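Notes for the one structure printed next.
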2 protein chains.
Amino acid sequence: MSAHVFIAEDEASIVSLLKYNLEKEGYKVSHSENGEDALKQIKSKQPDLILMDWMLPELSGVEICKNLKKDNKFNDIPIIMLTAKGEEEDKIKAFDTGADDYVTKPFSQKELNARIKSLLRRSKPQSSSDIVEFTDLKIDRITKRVYRKDKEITLGPTEFKLLDFFIKNPKRVYSREQLLNNVWGEDIYVESRTVDVHIRRLRQAINIQNTKPLIRTVRSAGYSLES
Amino acid sequence: MSAHVFIAEDEASIVSLLKYNLEKEGYKVSHSENGEDALKQIKSKQPDLILMDWMLPELSGVEICKNLKKDNKFNDIPIIMLTAKGEEEDKIKAFDTGADDYVTKPFSQKELNARIKSLLRRSKPQSSSDIVEFTDLKIDRITKRVYRKDKEITLGPTEFKLLDFFIKNPKRVYSREQLLNNVWGEDIYVESRTVDVHIRRLRQAINIQNTKPLIRTVRSAGYSLES
DNA sequence: TTCCTCAGTTAACAAATGATTAAAAAGGGG
DNA sequence: CCCCTTTTTAATCATTTGTTAACTGAGGAA
């Protein structure tokens, strides 16, 4: 699943250059040449990232930026401002309107790609790496192995999924309901006590004698993974 | 509550310049001159943002960066790389190791401030909205934990809900009736004296010896949370 | 001021709620 | 059909909850 990059830029030559390069990187790309239309398209398409010219016909990049950052639904979309001016003050202004990064023309495609990658990584935590660590726990999603303090631990499939889910949001308390929906699946019906049983098995597997247990029980609320 | 910025940099002149400027901006600042120590400090202090020199004694910035980005507990801390080199390839490498931004020395303090602001804005919201504070009380609805003066306090489920309700409208006085409706639920019938008992339990849990009590009794009216 | 009354405080306890655990039953590949 | 995992069940254990009743103290009346 590739990210969707939206370009708001009126110079055709730049658009085609960007488009070519971004598509080569594997992004889905769409664009608009005018500010008003750009805003409309962004709101309907909800891209993952926006490259926006500072100056745009109809509605300036600054205006669009402000508009998007006001709206809860769109203020998470990272925005990179493109501009011909290299002046200090403009950079500050760009950041102040809510832009997340700033690139001056002419820009290097390589650097732009790097900045895009960085912003996307930040806004898409779910597509995180295949090896995740939390304190002394390490889980490898590829080989399906789990380690505690570099010692391997064997888990049943359900326990693995359970731990994998917990590790995505450590310290957060999940209700049995939430765990069932996220680990077992929305449409599967099992008793909520079943969760307890798997929590117990997971605890037994990952615990180390005389150490603070990793899974916390929050009475009448659920469970969480602690450090 | 101001953000905490950590500086990992060995050139004293740069550190003092940065420190001066960041503190003027209202950030809490701490620093380390050596890579190994920096990593240790970062893990214990958990700053909100890191400014890191590309080259550091003991353990290079790149290494620290990689190390932090692997661990779920720290990979949300934004990192800005500081470097003397202005070369293209280094920028790419910096982003590849997981840095979130990149600034070349000599840098403009104004631009750095803008970039810091942008990164903080981006990383804060997920954690802040479900944490409520009132004077020295802090309640985290995600992890279901309560703190007084940064020391954790354990509450039973009802006391937690009670405090959570009070903190939504501090200083406002609620009758037992209102508390029952809002904390216990509209359709549940319990004696109104029960409220007193839970108020007492909550008081015992959150009070500190020789300090003004946080919950005020308003005779023949109800209770309120005071500062 | 003193005394009385009423509202709030407190401690103790029994009941109920929720979590843990072990063991049996039920599935589901190989 | 056997082995391994998952789910259910039910007994047990732990904590929380609501109730009761005695106690305390504030504030008004005399």
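So you know, we letter chains A, B, ... as the sequences are listed, proteins then strands, and number each from 1. No experiment lies behind these values; they were computed from the predicted model shown.
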From [atom1] of [X] over to [atom2] of [N], roughly how many Å is that when rounded to an integer?
{"X": "W184(A)", "N": "dT8(D)", "atom1": "CH2", "atom2": "C1'", "result": "13 Å"}
{"X": "I215(A)", "N": "dT20(C)", "atom1": "CD1", "atom2": "P", "result": "10 Å"}
{"X": "E159(B)", "N": "dT16(D)", "atom1": "CD", "atom2": "P", "result": "8 Å"}
{"X": "D196(B)", "N": "dC23(D)", "atom1": "CG", "atom2": "P", "result": "18 Å"}
{"X": "L155(B)", "N": "dT16(D)", "atom1": "CG", "atom2": "P", "result": "10 Å"}
{"X": "L162(A)", "N": "dT6(D)", "atom1": "CG", "atom2": "C1'", "result": "13 Å"}
{"X": "L202(B)", "N": "dT16(D)", "atom1": "CG", "atom2": "P", "result": "14 Å"}
{"X": "L180(A)", "N": "dT6(D)", "atom1": "CG", "atom2": "P", "result": "14 Å"}

Counting the atoms with a prime plus P, OP1 and OP2 as sugar-phosphate, which does [X] contact under 4.0 Å by heavy atoms, base, sugar-phosphate, or nothing?
{"X": "Y223(B)", "value": "sugar-phosphate"}
{"X": "Q204(A)", "value": "nothing"}
{"X": "T194(B)", "value": "base"}

Between [X] and [N], is there a side-chain N or O to OP1/OP2 distance below 4.0 Å?
{"X": "T217(B)", "N": "dT9(C)", "answer": "yes"}
{"X": "T158(A)", "N": "dT6(D)", "answer": "yes"}
{"X": "R200(A)", "N": "dT20(C)", "answer": "no"}
{"X": "R193(A)", "N": "dT9(D)", "answer": "no"}
{"X": "R203(B)", "N": "dT10(C)", "answer": "no"}

For this session: Report yes if the distance between the aromatic ring centroids of F166(B) and F134(B) is under 6.0 Å, otherwise no.
Result: no
For this session: Using side-chain contact (heavy atoms from CB on, under 4.5 Å) as the criterion, point out the one residue from R172(A), Q178(A), R176(A) that pairs with Y223(A).
Result: R176(A)
Looking only at the side chain of [X] (C-beta and beyond, no hydrogens), which of the listed nucleotides [options] gets closest?
{"X": "V197(B)", "options": "dT10(C), dT8(D), dT17(D)", "result": "dT10(C)"}
{"X": "H198(B)", "options": "dG18(D), dA22(C), dA7(C)", "result": "dG18(D)"}
{"X": "P157(B)", "options": "dT17(D), dT20(C), dA14(D)", "result": "dT17(D)"}
{"X": "E191(B)", "options": "dA19(C), dG8(C), dT20(D)", "result": "dT20(D)"}

For this session: Return the orientation label for the H198(B) and W184(B) ring planes: parallel under 30°, perpendicular over 60°, tilted otherwise.
Result: perpendicular
For this session: Before accepting this row, confirm whether a basic side-chain N of the pair R145(A)/D140(A) lies closer than 4.0 Å to the acidic partner's carboxylate O.
Result: no
For this session: May I ask you to decide whether R141(A) forms a salt bridge with D130(A), counting only side-chain N to carboxylate O separations under 4.0 Å?
Result: no
Problem set entry | Enclosure of K28(B) NZ (heavy-atom neighbours >12, cutoff 6.0 Å) | no
Seminar exercise, completed: Assign each of V218(A) and R201(B) the nucleotide of DNA chain C bearing its closest heavy atom; nearer the 5' end lies the nucleotide of R201(B)
Exercise. Any N or O donor-acceptor pair linking the side chain of R176(B) to the base of dG8(C) at under 3.5 Å?
Worked result: no
